[in-house]
Amino acid sequence: MTSRTPSPSRTASLPESRSESLPESRTESLPKSLPGASAAADQAPPGGLPPRLFLVLIAVCTAVTAANIYVAAPLLPLMARDFGSTPSGVAWIASVAQFGYAAGLLFFAPLGDRVNRRRLVAALSLATAAALALGATASGATALAAAVLVASAATVVPQLLVPLVAARAPAHRRASHVAALIAGLFTGVVAARVLGALAGQAFGWRAVFLGAAVLTAVLGLASAAALPREDQRRGGPLFAGLAQLPGVVRMSPELRRACIRQGGMYGAWSALWTSLALLLTGHGDGGYGMTTGAAGLFGLFGLAASLVAPVAGGLVDRFGVARVVASAYVLAAVSVPLFWLGGQRLWALCAAAVAVHAALVASHIANQTLALTTTSTPAVANTAYVVAGFAGGAMASALAGTAFTHWGWHGVCAVSAGCLAVGWGVTSLRTRREQQRDTAVSGSGTRR
């Protein structure tokens, strides 16, 4: 058997990915350093903020900005009453928010590798605040949806900050640091449902939008001021990162796997969570007849995500991505029949809410850690990953709204189950084919 040196053309064709097609088991061990990590780690945040306080500030900013994507969902009954419609008639506004966020990720998140992050965070925070303020003055569902679309597209600050925090973190603590931001993100999701619903019932949904605008502006500007100075950025056209997306995804099987699996997981969660207010506030056989404020309190079960995040980060650091994602999918699959039963039994709905949030956050931390470490352009890879997740969520939300209108809560549960089946089934088939191909190539090389 003779050894062969790879040709220069073959080596040059793989600039973006650490490996062309590693078996899934190789995702157990993550790289010890990220591109640019040493330079980022050497930079102390300006203003003399200790690293721990810096992480807390960024996590709080992440919570507030993430809440803007979901603030409309618990307020749908109030908006419907204000606009003379039905809750299911304005449910599409929640889907608009997720489509807007996915679009914003495509255009703005890749800029994290190329422009000054401090200025970008400040500009996007002010744009989000302005859109939310305009939304508070909307006279109809269409005008409100337009404002929500703009606000959601600009509220991509968390995905600009996650690659920065991952690059600054020590290798053995990277997933734990990412988990801190994910905990903040899901705390924002919970706050949007609980505090948004309570404040909406007390002061009206317009006051909630104005409050969100003020918080976004204040915390966004504070976080921008606390970010490290970045004098050296990548050259080239401003939106070159967007042009890189297809190639980065194509060259990294691990990134594709993370995108598809999180798209399925997020779709399953989104279908259930965006439709939950319709079930809880509905009357008759199709709902529990709760007030908007009482239904919002149900979001407290989402705190399971914030509590699980630090644990999940440690599990990824210790056991690897593949095991954590598989366990999360099993937990999510268990939650679906509980949600189905929850259409008539409140205790099952409560248990299912805890289970699906724990599954979502564990899967998210594992998959995002993999996405951030599998290519040489983490901001572009992170964009692909989060866009895939929110695209899955947006499509599932739209399908769930239609399913609820025609088949009730059980139709929503069927949409959620279908998302999980697609997310796991497609990637499992791809993994088997890649492993068979690798085995065939290896066998051919041995015979030579």
Ring centres under 6.0 Å, that's the criterion: do W205 and F83 meet it?
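Between F83 and W205, which both carry aromatic rings, the centre distance is below 6.0 Å.
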Centroid-centroid under 6.0 Å between H364 and Y385 rings:
yes
For the residue pair Q98 and S397, confirm or rule out a side-chain donor-acceptor distance under 3.5 Å.
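There is such a pair between these side chains.
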Does one side chain, of R261 or T427, offer a donor that lies under 3.5 Å from an acceptor on the other?
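Side-chain D/A pair, R261 to T427: present.
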Within this structure, what is the [atom1]-[atom2] distance for the pair [X] and [Y], rounded to the nearest 0.5 Å?
X    : Y    : atom1 : atom2 : result
F298 : R193 : CZ    : CZ    : 9.0 Å
L149 : I93  : CG    : CD1   : 11.5 Å
N382 : L255 : CG    : CG    : 9.5 Å
F339 : S416 : CZ    : OG    : 7.5 Å
T291 : Q201 : OG1   : CD    : 4.0 Å
Y266 : F390 : OH    : CZ    : 3.5 Å

Treating [X] as the side-chain partner and [Y] as the backbone partner, does any N or O pair qualify as donor plus acceptor under 3.5 Å?
X    : Y    : answer
S363 : L360 : no
T155 : S152 : no
T374 : L370 : no
R117 : L160 : yes
T405 : G401 : yes
S270 : G393 : yes
Q262 : G389 : no
T65  : C61  : yes
R256 : V249 : yes

List the atom of [X], the atom of [Y], and the distance in Å for their closest heavy-atom pair.
X    : Y    : result
L338 : A352 : CB-CB, 3.6 Å
S95  : A398 : OG-N, 3.4 Å
T281 : A295 : CG2-CB, 3.9 Å
L75  : G196 : CD2-O, 3.3 Å
S335 : A332 : OG-O, 2.6 Å
V96  : A145 : CG1-O, 3.5 Å

Do [X] and [Y] come within less than 4.5 Å of each other through their side chains, counting heavy atoms only?
X    : Y    : result
H357 : V308 : no
L349 : L346 : yes
L272 : L276 : no
F209 : V148 : yes
L76  : W92  : no
L331 : S327 : no
V194 : L297 : yes
L227 : L161 : yes

With sequence neighbours excluded, what pairs up with Y70 under the ring-ring contact (aromatic ring centres under 6.0 Å, His included) test?
W269
Would V380 and T375 satisfy side chain to side chain contact (heavy atoms under 4.5 Å, CB included), going step by step from the backbone distance to the final call?
CA-CA 9 Å; V380 176; T375 76; over 6 Å; no
Kindly state each residue pair satisfying salt bridge (Lys or Arg N to Asp or Glu O under 4.0 Å) with at least one member in residues 199-210, sequence neighbours excluded.
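Residue pairs passing salt bridge (Lys or Arg N to Asp or Glu O under 4.0 Å), neighbours aside: D82-R206.
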Contact list for residues 396-414, test salt bridge (Lys or Arg N to Asp or Glu O under 4.0 Å), sequence neighbours left out
none
Pairs of donor and acceptor atoms involving the side chains of residues 210-225, under 3.5 Å and at least two apart or interchain, shall be tabulated with distances.
{"residue": "T216", "atom": "OG1", "partner": "N68", "partner atom": "ND2", "Å": "3.0"}
{"residue": "T216", "atom": "OG1", "partner": "A212", "partner atom": "O", "Å": "2.7"}
{"residue": "S223", "atom": "OG", "partner": "L219", "partner atom": "O", "Å": "3.0"}

Yes or no on side chain to side chain contact (heavy atoms under 4.5 Å, CB included) for N367 and R257, after CA distance, side-chain angles and deciding distance?
CA-CA 8 Å; N367 281 319; R257 188 177 300 120; over 6 Å; no
R345 meets the side chain to side chain contact (heavy atoms under 4.5 Å, CB included) criterion, sequence neighbours left out, with L341, W347, A348
In residues 100-108, what donor-acceptor pairs under 3.5 Å come from side-chain atoms, sequence neighbours left out?
none

